[in-house]
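All ligand and atom numbering here is 1-based and tracks the order in the structure. Predicted model, so just to flag it, every value in this text is computed and none were measured.
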Amino acid sequence: TECMPPRLFSGSLSFLNETSDTGVNCCETTGSPGRHVICFNIPDVCNTTTLLLSEDGDMLYVGARDAVLALDVSRKDSITLRSKVGKPTLADCPNFIRVLQFLNTSHIYACGTFAFSPRCTYINSETLRMTIKPDEGRGRCPYDPYQRNTAIVVDGELYTGTVADYRGNRPVISRHLSEGRRVDLKLDDTLGWLEDPTFISSSFIPDEEKIYFFFSEVGREYDFIDKFIVSRVSQVCMSDVGGQRTLQRRWTTFAKAQLLCQADNELPYNVIQDIDRLSPAERAPADDTLFYGIFTSQWSVNSGRSAVCSFRQSDIKAVFSGNYKVLNRDTLQWSTRVQEKVANPGECGLHNASDNALRFVKENFLADDSVRPVGRIPIMVSAEHSYSHLTVQRVQAANNRDYTVLFLLTESGYLHKAVLLQSGAHIIEEVQVFEQPQLVKSLKLSISKSVIYVGTSEAVVRVPTANCSFYWTCAQCVLARDPFCGWDPASRACRKVQGGRILSQGTVEVYFTSCPAGELVSVSLNEVVRLQCPAVSRLSQQQWERPNSRLSSDLYLQLGDGSLTFVATPATLGHYLCLSTENDYQQTMAIYHVKQRSSTMTHPVPTTRAVARPGPVLHTSAEFWDGEPLLSAQGPCCLKELVVVSLMLVLCLSLLITMFLFIIRQRCHSRTAPQAETPSGLSERRTPVEQEALRGTQFLSKRNGQVLNSGQASGLVCNRTLMGSNGHLPNTPI
Ligand SMILES: *[C@@H]1O[C@H](CO)[C@@H](O)[C@H](O)[C@H]1NC(C)=O
Ligand SMILES: *[C@@H]1O[C@H](CO)[C@@H](O)[C@H](O)[C@H]1NC(C)=O
Ligand SMILES: *[C@@H]1O[C@H](CO)[C@@H](O)[C@H](O)[C@H]1NC(C)=O
Ligand SMILES: *[C@@H]1O[C@H](CO)[C@@H](O)[C@H](O)[C@H]1NC(C)=O
């Protein structure tokens, strides 16, 4: 049979029985550090495909094979099964739920394929009880569970796009459950209204009182290519009641247009895969509503690639109110109309129009123009990822600016979070949701709970939209460019941002989006400095830079763990950046400001962490965000001064090197008593256990620039046995 027992649970049945009604973390490894996903599945329920989220985000309704489930998702740490309706049907005649929509405040409308004879039913959303006898589902739900469909309920009326017959060759866009004396409507059987479509989505456009349908179909207007697929947006007006004689019980307001997702001089990404709507920002006109879609290409040169395009509602409107093509019924050729316009196709309120006008709209429903994407090119094109689902959110970042964040699911089971910046789309993070690619049927964003639900054949997986605590330095937090996160200087932690405010502990709300000029590392000249660089993952490569220069291997040593070691000299004081590169994606992991310790300051115990105090704020987050050169706050440079400084530097350096070599010589001779010369004089009073513990914390404290005192420096250089036993530093002499 098709419905296999959930694979993730095989082999642990006792465990299963105990927790059969609570979500457990069945997605054992996600491969993404700092990302914990919760996965819910229950035995005997599979093909969980349709997801419906309650307005408050506390309940998630799941349409599955032979069942509708109500999951309590109000708690952060678990998903609990509240109730379930449905009974197993015969194995070869299953009922796949394909429509799941809130009908009103008390009822859900659900339709299933019901063994190739679709039926719909009313379900009480509290009790999940079916109260009223089922409706026939023809035209509301596909017969074949593999056919894609779309449905939306607006004002208690159901708008659907599906195939209305067993063989799947009568596609139809229709309205059901029409209120009051309004009649149900469907598309006329006229040639060419729909051409073998694959329905993707439908959307309610409140300000226009229209419903948009998104689908792909065969583009017959391109007669030069056999079966050229085009993506479409089509519209119907909610006020439509059909014509009086012509177009009786048929749409009088149906119109369709091509959605173009194409970069210049490239083949179009012509097959729409998914689309999501982004409402305009507060106080912006409704016309600014955007639709973000994933498109793939029908041609093999572009196989495996996908593109994301956005379309503005005003552009769609303009195309629908423009000219229409006309179909020559004899030659079956589309052409641009040259005759006089008798009516405006796509216009609402045509039901009282003359037969002549209605005949005109019946023949003119394909807009002449295509809807082009915002900016005329795709927002992003991915060569290596085939995206299948997306959802979009506007997020107000800590700098009070709005950013658009896209969540894109790849066919191989990764969720990409991308923020749209002026410079283009930037992938903030990649979360591995599944180990194995899975058939994903829906992706649902819960803004109120800040999570994303992924419905697959086998389970429902919940992924938080962000994990700010994963970024543990200010630089990481700000440079990740994750608008969900901001740095809270009070608690020195990366925290979630909500409505532009960083949610701090307690009630304090802070607006802070830039970092001090790196972590401050105070050193004495001649000390050996070690700066740590956290790794993003095992595959990432760390690389150090000083502003506008690479580091010469004569002065700097990059250790295997990514840390940087050097001797503090006037020349090596300043800013350091650690960059991490993985898959061509570079991220700044840490910024340090190495400063000479002021002579009046008492020397802290060298083994304590170098504490960073908030230094002068060098950057605003806007600079970080828009990719401005980092640490550009250096003053202009004058040649004369430069020469003098350089000369002094050379002098200093040679002096220092001589001193350094001298010290090393001395230390190597006094190898048996290396601690005797530590400047603080504290370490010789410690017990060997304390010494070891100190050394441990020192090397484990990755969060700050690590300053080793000269005593340890000597160990590093010549006391190989002493440091080697520690195992943290390679035995490489400087
Ligand atoms: C967030 O990241 C932190 C640090 O890596 C980790 O301990 C925590 O479990 C993560 N939380 C979630 C919900 O992924
Ligand atoms: C139902 O789930 C099974 C197992 O994951 C899968 O093979 C099958 O294609 C699914 N059927 C539908 C109609 O989605
Ligand atoms: C919702 O619709 C159902 C079915 O038409 C009806 O029985 C129920 O009374 C309605 N509930 C409300 C609150 O209007
Ligand atoms: C259409 O015409 C009918 C009568 O012919 C009238 O009652 C109705 O109000 C008209 N509708 C609109 C929207 O004009």
Side-chain angles (χ1 to χ4, degrees), residues 1-8 10 25 27 30-38 41 44-50 63-67 76-78 91-98 101-110 112-113 115-116 120-126 129-135 141-149 153 155-158 176-179 415 429 431-434 436-442 449-452 455-459 462-473 476-477 480 482 484-485 493-496 534-537 702-703:
T1 79
E2 269 187 333
C3 194
M4 305 298 283
R7 180 178 55 84
L8 291 161
S10 55
N25 184 9
C27 309
T30 65
S32 306
R35 290 312 226 133
H36 181 67
V37 302
I38 288 186
N41 67 1
D44 307 326
V45 174
C46 66
N47 295 105
T48 53
T49 53
T50 334
R65 177 188 158 137
D66 297 328
K76 262 202 154 90
D77 52 345
S78 65
D92 51 348
C93 300
N95 179 22
F96 294 96
I97 304 297
R98 298 304 299 275
Q101 288 282 316
F102 288 112
L103 189 67
N104 54 29
T105 50
S106 63
H107 281 75
I108 288 173
Y109 197 68
T113 57
F116 285 88
C120 299
T121 186
Y122 301 81
I123 301 172
N124 183 303
S125 46
E126 277 297 312
R129 272 221 300 273
M130 287 184 272
T131 42
I132 307 156
K133 83 173 186 37
D135 286 340
C141 176
Y143 287 65
D144 177 346
Y146 289 100
Q147 289 268 5
R148 285 191 75 164
N149 68 308
V153 169
D155 294 345
E157 298 179 314
L158 174 74
H176 307 267
L177 312 177
S178 301
E179 292 278 332
L415 187 68
E429 62 171 343
V431 180
Q432 187 174 7
V433 184
F434 310 110
Q436 299 288 322
Q438 292 202 20
L439 196 62
V440 171
K441 288 298 182 68
S442 59
K449 294 277 185 286
S450 305
V451 293
I452 288 187
T456 79
S457 284
E458 294 168 2
R462 179 165 73 185
V463 187
T465 50
N467 181 8
C468 299
S469 54
F470 181 61
Y471 308 117
W472 40 256
T473 67
Q476 271 185 304
C477 180
D482 187 335
F484 287 97
C485 302
C494 193
R495 298 200 178 277
K496 200 167 164 5
V536 191
S537 73
K702 290 187 176 175
R703 302 189 180 204

Residues which pass ring pair (Phe, Tyr, Trp, His ring centres under 6.0 Å) with Phe102, listed by chain and number, not counting sequence neighbours: Tyr61
Examine distances only and state if a side-chain atom of Gln101 and a backbone atom of Val153 form a donor-acceptor pair shorter than 3.5 Å. yes
Any donor-acceptor pair under 3.5 Å from Asp155 side chain to Glu157 backbone: no
Backbone N/O of Asn95 and side chain of Asp66: donor-acceptor pair under 3.5 Å: yes
Mark up the atoms of ligand 2 that fall under 4.0 Å of a heavy atom belonging to Tyr146, in ascending order. 8 (C), 9 (O), 10 (C), 11 (N), 12 (C), 13 (C)
Keeping the roles fixed (side chain from Thr113, backbone from Tyr143), state whether a donor-acceptor pair exists under 3.5 Å. no
Any atoms of ligand 2 less than 4.0 Å from a non-hydrogen atom of Pro145? List them with their elements. 13 (C)
Which of the numbered atoms in ligand 2 are below 4.0 angstrom from a heavy atom of Lys441? 14 (O)
Distance filter under 4.0 Å to Thr105 heavy atoms, resulting ligand 3 atoms: 13 (C)
Quick one: does Ser450's side chain have a donor or acceptor within less than 3.5 Å of a partner on Thr465's backbone? no
How far apart are the closest heavy atoms of His107 and Tyr122, and which atoms are they? CD2-CB, 4.1 Å
Using a strict cut-off of 4.0 Å, indicate which atoms of ligand 2 neighbour a heavy atom of Asn47. 1 (C), 2 (O), 3 (C), 8 (C), 10 (C), 11 (N), 12 (C), 14 (O)
Could you tell me, atom by atom, which parts of ligand 2 come under 4.0 Å of a heavy atom of Phe96? 13 (C)
Side chain of Asn47, backbone of Ala64: donor and acceptor closer than 3.5 Å? no
Which atom pairs, nitrogen or oxygen on both sides, join ligand 1 and the protein at under 3.5 angstrom?
from: ligand 1; atom 1: 2 (O); to: Asn467; atom 2: ND2; distance (Å): 2.3
from: ligand 1; atom 1: 11 (N); to: Asn467; atom 2: ND2; distance (Å): 2.9
from: ligand 1; atom 1: 14 (O); to: Gly34; atom 2: O; distance (Å): 3.0
from: ligand 1; atom 1: 14 (O); to: His36; atom 2: N; distance (Å): 2.9
from: ligand 1; atom 1: 14 (O); to: Asn467; atom 2: ND2; distance (Å): 3.3

Side chain of Arg35, backbone of Pro464: donor and acceptor closer than 3.5 Å? yes
Close-contact set for ligand 3 against Asn104 heavy atoms, below 4.0 Å: 1 (C), 2 (O), 3 (C), 8 (C), 10 (C), 11 (N), 12 (C), 14 (O)
Tell me if a side-chain donor or acceptor on Arg462 pairs with a main-chain N or O of Lys76 at a distance below 3.5 Å. yes
Using a 4.0 Å heavy-atom threshold (strictly under), name the region of Arg65 that reaches ligand 2: side chain, backbone, both or neither. neither
